[in-house]
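Not measured: the values here are computed from a predicted model. Count residues from 1 along the sequence.
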Amino acid sequence: MNGLDKVVPDPTQAVADIGDGASLAVGGFGLSGNPMVLIEALLAQGASDLAIVSNNCGVDDWGLGLLLGAGRLAKMTSSYVGENKEFERQFLSGELEVELTPQGTLAEKLRAGGSGIAAFFTQTGVGTQVAEGGLPRRYHPDGTVAVASPVKETRTFDGAEYVLEDAIRTDFALVHALRGDRTGNLVFNKSARNFNPLAAMSGRVCIAQVEELVEPGELDPDQIHLPGVFVHRVVPVGTGIEKRIERRTTRTEG
């Protein structure tokens with residue numbers, strides 16, 4: 001295979017160089033599209049003091065909740081954390097730093113980072129603590145605020161006020177795709193497309209687990225959601241991997 005072949009058959013090998021203190025953008029929307037094989041490999045690998053950027057932190061026993069429960073996370077940047085009791089405990093006890101970010105702003109911060117855009121202005125958060133600062137990011141064990149969010153620059157454009165948000169670049173990205181080819185072109189499935197492509201763009205080294213590995217040329221170019229230029233390692237995991245639903249709601253028949 002030529003030098004464009006990015007396939008790494010072993011997930012352990014794929015995450016081996018993620019060191020203590022690394023920053024990672026991790027795909028997933030709720031429990032949809034979580035790169036579980038890579039997360040479990042990273043858990044076994046042992047890296048700690050990680051700074052994670054992801055839409056949410058999984059649940060207590062799945063997704064990024066596995067790394068959280070093992071005490072491997074130093075900081076979490078996300079938009080939603082409501083389904084994880086251990087996350088709440090670590091945050092309130094001062095063990096974990098948390099940077100809450102509006103969901104659309106988080107998506108754009110990741111996209112901007114991957115697009116070479118250093119920062120951008122948005123109306124989201126104007127007039128709130130997102131712009132004015134003071135949101136607790138880390139607590140002391142006694143419950144007082146140890147670290148609070150800073151005041152952000154605002155500016156008026158065409159009569160409306162906007163707040164300046166920095167882009168996000170991370171050392172690594174871990175993502176899950178439905179299929180991909182050996183050169184890293186990826187296709188995502190439904191809601192798994194919400195944050196996985198953006199997380200992939202943000203990482204200086206992107207590691208993608210794919211359910212179905214195909215040869216170059218087999219993917220319809222019009223159907224590719226993320227070009228291989230953003231992807232550095234491809235790990236085939238097969239279609240039989242476990243997938244969970246975060247909150248299952250059913251109704252009585254009839």
Discussion item. Assess the residue pair Gln209 and Ile241 against the criterion (side chain to side chain contact (heavy atoms under 4.5 Å, CB included)); give the C-alpha distance rounded to whole Å, side-chain angles, the decisive distance to 0.1 Å, and a yes or no.
Written reply: CA-CA 11 Å; Gln209 66 172 56; Ile241 57 173; 4.0 Å; yes
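- Electrostatic pairing of Arg72 and Asp20 does not count as a salt bridge here, judged by no charged N lying under 4.0 Å from a carboxylate O.
- Side-chain contact, Ser78 with Asn56: no donor N or O sits under 3.5 Å from an acceptor N or O.
- The closest donor-acceptor contact from the side chain of Asn34 to the backbone of Gly30 lies under 3.5 Å.
- More than 12 heavy atoms of other residues, nucleotides or ligands sit less than 6.0 Å from atom CD of Gln13.
- Residues Lys85 and Glu88 are not paired through a salt bridge, judged by the lack of any N-O separation under 4.0 Å between the basic side chain and the carboxylate.
- A salt bridge links Glu165 with Lys152; the closest basic N to acidic carboxylate O contact falls under 4.0 Å.
- Between the Thr144 side chain and the His140 main chain, no donor and acceptor come within less than 3.5 Å of each other.
- Using a 4.0 Å cut-off between charged side-chain N and carboxylate O, Arg244 and Asp61 make a salt bridge.
- Under the 4.5 Å side-chain criterion, counting only non-hydrogen atoms from C-beta, Leu66 is not in contact with Leu68.
- Looking at Phe120 and Val163, their side chains never come closer than 4.5 Å, going by heavy atoms from C-beta outward.
- Between the side chains of Thr101 and Ser79, no donor-acceptor pair of N or O atoms lies under 3.5 Å.
- Between the side chain of Lys75 and the backbone N or O of Ile52 there is no donor-acceptor pair closer than 3.5 Å.
- Atom CG in Leu64 sits 9.5 Å away from atom CG in Leu42 (nearest 0.5 Å).
- Between Phe29 and Phe195, the ring-plane angle classifies as parallel under the 30° and 60° cut-offs.
- Looking at Leu174 and Ile18, their side chains come closer than 4.5 Å, going by heavy atoms from C-beta outward.
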Worksheet entry | Trace of the side chain to side chain contact (heavy atoms under 4.5 Å, CB included) decision for Leu226 with Met201 | CA-CA 9 Å; Leu226 186 75; Met201 293 174 67; 3.8 Å; yes
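- A distance-only check finds no donor-acceptor pair linking the side chain of Lys6 to the backbone of Arg182 [under 3.5 Å].
- Of all heavy-atom pairs between Ser54 and Gly27, the closest is OG-O, 4.2 Å.
- Annotation for Arg193: atom CZ does not count as buried by contact number, only 12 or fewer foreign heavy atoms lying within 6.0 Å.
- For Arg138 and Glu95, the salt-bridge test fails: no basic side-chain N is under 4.0 Å from an acidic carboxylate O.
- With hydrogens and angles ignored, the 3.5 Å screen pairs a side-chain donor or acceptor of Asn84 with a backbone N or O of Cys57.
- Ion pairing between a basic and an acidic side chain is recognised when a charged N comes within 4.0 Å of a carboxylate O; Lys243 and Glu211 show such pairing.
- The side-chain heavy atoms of Leu178 and Glu212, taken from C-beta on, include no pair separated by under 4.5 Å.
- Here the side chains of Tyr139 and Ser93 are not in contact, with every heavy-atom distance at 4.5 Å or above.
- Taking CG of Leu106 as the reference point, atom CG of Leu198 lies at 8.5 Å (rounded to 0.5 Å).
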